[in-house]
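All remarks here apply to the structure that follows.
As a basis for the values below, the full set of heavy atoms in this structure was taken, side chains included, without hydrogen atoms, waters or symmetry mates.
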Amino acid sequence: MIRFLLKRFGYMLLSFIIIISLTFFLMKLAPGGPFTSEENLPKEIEEKLNETYGLNDPWYKQYANYLGSIAKWDLGDSFKSRGQSINDIINRSFPISLILGFEAILIALSLGVLLGVIGALRHNKAPDYVAMSVAIFGISVPSFILATVLQYVFALKLGWFPVARFESFTHTILPALALSFMPMAFIARLMRTSMLEVMNQDYVKMAKAKGMQSKVVVFRHLLRNAIMPVVSFLGPLVVQILTGSFIIENIFGIPGLGFEYLTSITNRDYTAIMGITAFFSILLLVSILLVDLLYGFIDPRIKVGKKEAH
Amino acid sequence: MDQKEYFSKDSFQPITVLSNKEEEIQRPQRTYLSDVIRRFKKNKLAMFGIVVIVLLAILSIFGPKISGYDYFTNDLSNNNKPPSGEHWFGTDSLGRDIFSRTWYGARISLFIGIAAALIDLVIGVIWGATAGYFGGRVDEYMMRIADILYGIPYLLVVILLMIVLPQGLLTMIIAMSLTGWINMARIVRGQVLQIKLSEFVLAARTLGSNNIKIMIRHLIPNTMGPILVTLTLTIPTAIFTEAFLSYLGLGVPAPLASWGTMSSEGLPSLVYYPWILFFPAFFICLVMMAFNVVGDGLSDALDPKEKR
């Protein structure tokens with residue numbers, strides 16, 4: 001177990017180093033310096049700016065400085081919004097994204113599992129068709145289109161929800177729905193397929209045959225065994241919610257991390273892009289690792305750390 | 001009782017031997033492929049998907065020529081017009097014909113989807129088949145590289161590349177296939193690991209086939225099913241990514257139109273001129289649905305257990 005953890009942790013670190021190095025060199029390659037867009041900047045001031053930000057150093061020195069500052073988790077100052085450190089930006093906006101993301105994950109999981117279970121229990125009947133239509137709809141409609149439509153219909157036309165901003169719980173409903181719809185559809189399909197498979201298992205037939213209430217069969221036998229593919233989808237789910245938030249937060253004007261990321265991309269704010277990318281990568285890698293561990297914990301058949309059998 | 005009355009000698013006659021006709025198979029043979037096609041045709045939703053894809057492909061070739069307008073000419077006296085006999089899908093804020101732009105955009109969106117999927121296919125199949133077939137240390141190193149790359153979030157890399165490289169179709173396709181092939185490689189490897197122990201592979205080896213021949217003649221054709229399914233499901237992902245990037249403003253540069261850039265252009269005027277957003281958004285959804293149901297149908301049809 002410890003060996004497995006160390007190994008996984010090593011991979012994770014390697015992935016992380018690759019991504020931050022890639023970010024660094026790509027940003028170095030990017031056309032134009034960070035101050036080229038400034039109007040008529042006198043040569044001396046530009047020189048001075050380059051010097052303060054260490055941009056005149058040879059690349060290996062800059063790279064070493066960069067790695068060192070990441071290790072200390074001091075991401076430096078934003079090039080564009082003066083006086084703001086990247087750490088400040090992350091500390092301020094991440095909690096907002098966290099609330100939104102958590103809500104979206106909750107919706108995706110609960111609705112997705114529910115739809116999948118209904119579809120499987122009423123296999124090839126009307127409820128199944130309804131559930132699967134919702135699922136196909138969810139997979140086909142990209143989150144940003146759904147978000148626009150939701151905003152247009154429910155906020156602008158019907159006025160049931162606030163149009164944008166992030167102030168109260170009602171402000172979070174539409175964006176969370178838009179974020180969660182596509183993963184919800186995936187989960188519904190996963191759940192339905194695996195439920196159908198489990199329903200044919202002998203132990204389920206046995207449980208029914210001995211006269212167990214169907215409610216008990218569903219909760220004790222079916223759900224617990226069929227949920228595994230959904231658990232393994234949790235990693236990709238976090239990724240989808242996170243990347244989805246880039247656009248959704250922008251559409252709904254929510255000052256979360258995705259919004260900041262997009263702003264730094266449009267402003268070509270290289271330090272902010274590098275810092276937030278590093279933060280995102282850590283977030284994703286850690287959550288994928290956690291899901292893997294959780295998987296082994298929930299399903300005793302999977303021995304974490306044992307050599308996998310092919 | 002006298003049996004002779006019932007059975008005279010004439011009642012019994014030797015049957016003429018039907019020569020070798022007995023062994024002949026009367027009905028047409030059902031191969032695996034014909035089974036798959038039959039099961040696929042029974043799936044109405046998947047057939048609908050095929051029809052949609054074919055129609056969209058045809059329209060993307062001929063569509064821009066039908067309306068008589070090109071996709072880039074501005075006509076500012078005629079901007080933001082709703083759909084009419086003149087402009088079937090209306091015009092956008094610069095007075096460009098949305099009908100022509102939609103089908104022109106279909107070209108770009110479909111091209112990106114298919115090109116990215118094909119690159120994934122080539123790299124993924126070669127990587128996965130090599131790792132799976134040779135096994136052992138080769139497999140371990142190759143898959144370790146894939147695992148590490150897999151940990152890198154796909155969209156982050158694509159976004160970073162799109163910021164740095166000059167915007168354009170090629171950049172987008174390169175960015176997408178940089179980590180996109182890993183999924184395909186994993187699937188092919190898993191399949192090859194299973195198949196390489198089969199008797200027919202052993203037989204081929206006994207008869208003197210070399211490794212490359214075995215891979216090309218036996219292993220890859222036998223993994224065609226899962227490869228095809230993955231391929232069909234990669235296309236909508238790529239189309240989605242393209243639309244997503246264009247929406248972020250990192251898409252193909254103007255005046256090129258893709259469904260993603262068209263939707264993002266339509267967004268600001270949604271309240272007043274909803275059709276500018278509606279048409280490209282609708283077709284993004286339609287094409288994603290079509291490829292998804294075809295992929296589902298294929299994976300159901302290819303599954304011999306046929307559970308549905």
* Asked: With side chains defined as the heavy atoms from C-beta onward, is the minimum distance between B:Met289 and A:Ile136 less than 4.5 Å?
  -> yes
* A:Ile145, part contacting chain B, at a heavy-atom distance under 4.5 Å -> side chain
* To do: Kindly check if the number of other-residue, nucleotide or ligand heavy atoms within 6.0 Å of CZ (A:Arg122) is above 12?
  => no
* To do: Select one option (side chain, backbone, both, neither) describing which atoms of A:Met182 are under 4.5 Å from chain B's heavy atoms.
  => side chain
* What's the spacing between B:Leu45 CG and A:Met132 CE if we round to 0.5 Å? -> 12.0 Å
* Please state whether the side chain, the backbone, both or neither of B:Phe282 comes within less than 4.5 Å of a heavy atom of chain A. => neither
* To do: Could you tell me whether the side chain of A:Tyr152 reaches within less than 4.5 Å of the side chain of B:Leu277, counting heavy atoms only?
  => no
* So which of A:Val239, A:Ile251, A:Thr148 has the biggest tally of heavy-atom pairs under 4.5 Å with chain B? -> A:Thr148
* To do: Tell me, out of A:Leu285, A:Thr277, A:Val149, A:Ile265, who's got the most heavy-atom pairs with chain B below 4.5 Å.
  => A:Ile265
* **Engaged part of B:Val287 at the chain A interface, taking heavy atoms whose separation is under 4.5 Å** => neither
* With only heavy atoms counted, which part of B:Leu286 is less than 4.5 Å from chain A, the side chain, the backbone, both or neither? -> neither
* Asked: Take atom CZ in B:Phe134; do more than 12 heavy atoms of anything else shown fall under 6.0 Å from it?
  -> yes
* Counting only heavy atoms closer than 4.5 Å, note whether A:Leu242 contacts chain B via side chain, backbone, both or neither. => neither
* **Part of A:Phe137 within contact of chain B (heavy atom distance under 4.5 Å)** => neither
* Structure fact -> Turns out that what part of A:Leu22 lies under 4.5 Å from chain B's heavy atoms comes down to side chain
* According to the interplanar angle, ranging from 0 to 90°, do the rings of B:Tyr247 and A:Phe144 count as parallel (below 30°), tilted (30 to 60°) or perpendicular (above 60°)? -> tilted
* To do: Sort out for me which of A:Ile273, A:Leu14, A:Leu26, A:Ile19 touches chain B most, counting heavy-atom pairs under 4.5 Å.
  => A:Leu26
* Asked: Does some side-chain heavy atom of A:Phe246 sit less than 4.5 Å from a side-chain heavy atom of B:Ile159?
  -> yes
* Asked: Of the listed residues (B:Phe244, B:Phe240, B:Phe291), which shares the most heavy-atom pairs with chain A below a 4.5 Å separation?
  -> B:Phe244
* **Over all atoms of both residues, closest heavy-atom pair of A:Ile139 and B:Met288** => O-CE, 3.5 Å
* Structure fact -> Per-residue tally against chain B (heavy atom, under 4.5 Å) across A:Phe280, A:Phe16, A:Tyr261 peaks at A:Tyr261
